[in-house]
Amino acid sequence: MDNTIQNTEEILNRSVSGFHRYILSDPPRLAYVSRNLCGMTGFFEEELQGGERDGYGALVHPADRELFADFLQKLRREEQTLTAEYRLVKKDGDVLYVSDTSASRRLADGVMAADSVLTDITRLKKENENLRFLQETIPCGFLRYTCEKQPKITYISEQMRRIFRFPEAREGEMDYLELCKENIFLLVPMEGRRRFARCLDRVYAQGVPVAGEMTVLRCDGTKAHLFGWVAKCADDRGQEEFQSVCIDVTERYRKKKADEEKHYLKALADVYDLIFEYELAGSTVKCLHGRDSAIFRQIENIPMQMEDATERWIAEMVAGEDRDRMREFFGAFYQRKYFLSDALPPQIQYRARSSEGRWRAYRGIFLKMNASSVLFCCRRVPDSEETDLLRDENAALKENMQELILRFTDGLAAFEVLDDYVTPLYASDNVCEFFGFTREEWLSMMKKSNSLRSFVSRSAASYEDFARLLEDGEAEFAYYDLDSGTERRIKAICSRKSPGGHSPRYVMLYNVDGEKGSSAGDPCRVRIRTFGYFDVFVDDRPIAFRNKKSKELFALLVDRRGGYVSSEEAIGFLWEEEPVSSVTLARYRKVALRLKNILAEYGISDVVETVDGKRRIVTDKVTCDLYDYLSGREEYSRLFMGSYLTNYSWGENTLAELAAKRETETSI
């Protein structure tokens, strides 16, 4: 027995750096000190253990003593193993960084003791200090992540944490940073995940770094734009990994978008006499451009109440026989009936008083700028053009479409066809994707004619499909929408063929919103994220739920996938340990009322239906990553990355179902 104890002590002294045993009394004291600890600190054993004072605690750096005291207090509460990092001041005055792993246990006399092993991490800390200096002086974020199909983050710099706005982890709540470390795709919007995955595949296969811009998803639900590099490297153990260095260019991106919008408006001003901007979020309208009109120039860029200002304009400027038709046209716009399935940008022809006081014919059109802003553009129709409006619109397209470089998200394109050659005029990023070209390739092709066969060779549709379009005058095709991450349809309309057959023809392509998420009265504005943390977005803005339980109730309705949830069922989930009673029923009614109020505040009351006290989510009025993934369509197969409704423990049943589905698909 004595020999065993001597051997153990010899091992502690020679092989374990900085071993010591604490008696967690008040004040604490050292019961055993290894020779290695004395060697690390420069103090003799009797100096550390002598008297009633805490000789070891006196070595702790003054700035870390509060942290160290809290560490001992936690060890004193119960038997457990904890690790803390702090600094010690050696006898010669040098500072030593240590990692202290302590296991506490209760002795026979009831006193708590802790056996501690120290690891000298001074060199590592100093290297990190140097890295921190670089992070503070150079505003770059740095990431290291594995080369797996679902990459895991192995290191994230402090600057990168700030870019993504990771919240501080609170006790009892899930650490969002740890969640994202298990799946880097949670930091990428759904519509960008396919592109990011292809980028990683390219870097891995070719071993060549790739640089560029991409959109990422911050932890608060907002989006940021980064410029950076992705490279394949080897870590300290020789294993392959990806490394990324990124700079936050969100402000530059916004400025660029503002410049593009300015350029776009300038191009429109060359075509249209009047341009009004309707802001749906604030229900305001303002005149952006009033060519040769002193009346409208006086009120340019002054926001006015949307419906009142429009009614005054119709009553004072539009011809009497056209006023009711104009009111009906704008009434449908107020009810958001436009930009829905099989609809071109809404247009109307009317007569109005010109700046010279004469009654003239005008053509008006609504053009969607973004989720909350729509332009109403008016152009006077010359007498010679009133008999052939299509020819006039095609001429305007040819002269001006090449200037319209704004990046639409709802799918729009135009190109000229002469004989069997095509000259692209304009396309949004989405439609470039449909044709199989990058935006840069499309811009290059706009400068020359291309054979129709080569032009359509990369698209999902065949040459014969496009030939039928030119023959029949219209057709519909499918394409993958980058913004929503869904497959959608696009409609093509071709101008008439001239008698001789040698005049240019013009093809216009418009998005056809016939997919799930559009309802008869309102375009889909609600996007729900269940993979990871639960969040709800309206027009890409996160709903700021003021009550946690009302948010959880909404999550429960989403999890039920359109089925009704009774009050009793909801209480069983929201307050798992409390029975249904008059108290919990009253509490639940308050939660349901708060949910109803917050949905009404955001203008989406119709996404939840209530019948006899039972509630359900109306699935065709929302887009949801869960519903998309369960649809089984190929483009949604990578949405689920292993986490679901992380906020709520009751989501584990559905999580198991999703995990089994993914495992089945992987094994096939």
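The shown structure was predicted, so the numbers you read here are calculated from the model rather than taken from an experiment.
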Ignoring hydrogens and angles, tell me if any N or O in the side chain of [X] forms a donor-acceptor pair with the backbone of [Y] under 3.5 Å.
X    : Y    : answer
H225 : E213 : no
D625 : T530 : yes
D322 : R351 : yes

Any side-chain heavy-atom pair of [X] and [Y] under 4.5 Å:
X    : Y    : result
Y602 : V526 : no
Y421 : N450 : no
R327 : E311 : yes

Heavy-atom pair of closest approach, residues [X] and [Y]:
X    : Y    : value
S550 : F545 : OG-CD2, 3.9 Å
F164 : L217 : CD2-O, 3.7 Å
C199 : V210 : SG-CG1, 4.0 Å
R616 : G562 : CD-O, 3.2 Å
Y636 : D628 : CD1-O, 3.1 Å

| If you measure from the Lys or Arg side-chain nitrogens to the Asp or Glu carboxylate oxygens, is any gap between E251 and R254 under 4.0 Å? |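 Answer for the salt bridge query: yes.
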| query | Does the distance from a Lys or Arg side-chain N to an Asp or Glu carboxylate O, for R527 and D535, drop under 4.0 Å? | reply |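 Salt bridge flag = no for D535 with R527.
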| message | Tell me whether the rings of F376 and F366 are parallel (<30°), tilted (30 to 60°) or perpendicular (>60°). | response | tilted
| task | Could you label the plane-to-plane angle of the F330 and Y334 rings as parallel, tilted or perpendicular, counting under 30° as parallel and over 60° as perpendicular? | result | tilted
| task | Any chance you could lay out the side-chain contact (heavy atoms from CB on, under 4.5 Å) test for T619 and I617, step after step, and finish with the verdict? | result | CA-CA 6 Å; T619 56; I617 189 165; 4.1 Å; yes
| query | Taking the six-membered ring for Trp, are the ring centroids of F333 and Y278 within less than 6.0 Å of each other? | reply |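 Yes: the rings meet the under 6.0 Å criterion.
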| field | Test salt bridge (Lys or Arg N to Asp or Glu O under 4.0 Å) applied to E601 and R546, step by step | value | CA-CA 12 Å; E601 182 179 326; R546 290 183 286 274; 2.6 Å; yes
| message | Run the side chain to side chain donor-acceptor pair (under 3.5 Å) test on T222 and R218 for me, step by step, so that the C-alpha distance in whole Å, both residues' side-chain angles and the decisive distance to 0.1 Å come before the verdict. | response | CA-CA 5 Å; T222 61; R218 295 190 182 112; 3.2 Å; yes
| request: Would you please test L639 and M190 for side-chain contact (heavy atoms from CB on, under 4.5 Å) and show each step? | output: CA-CA 7 Å; L639 290 181; M190 281 190 290; 3.7 Å; yes
| Does R193 make a cation-pi contact with F185, if we ask for NZ or CZ under 6.0 Å from the ring centre and within 45° of the axis? | no
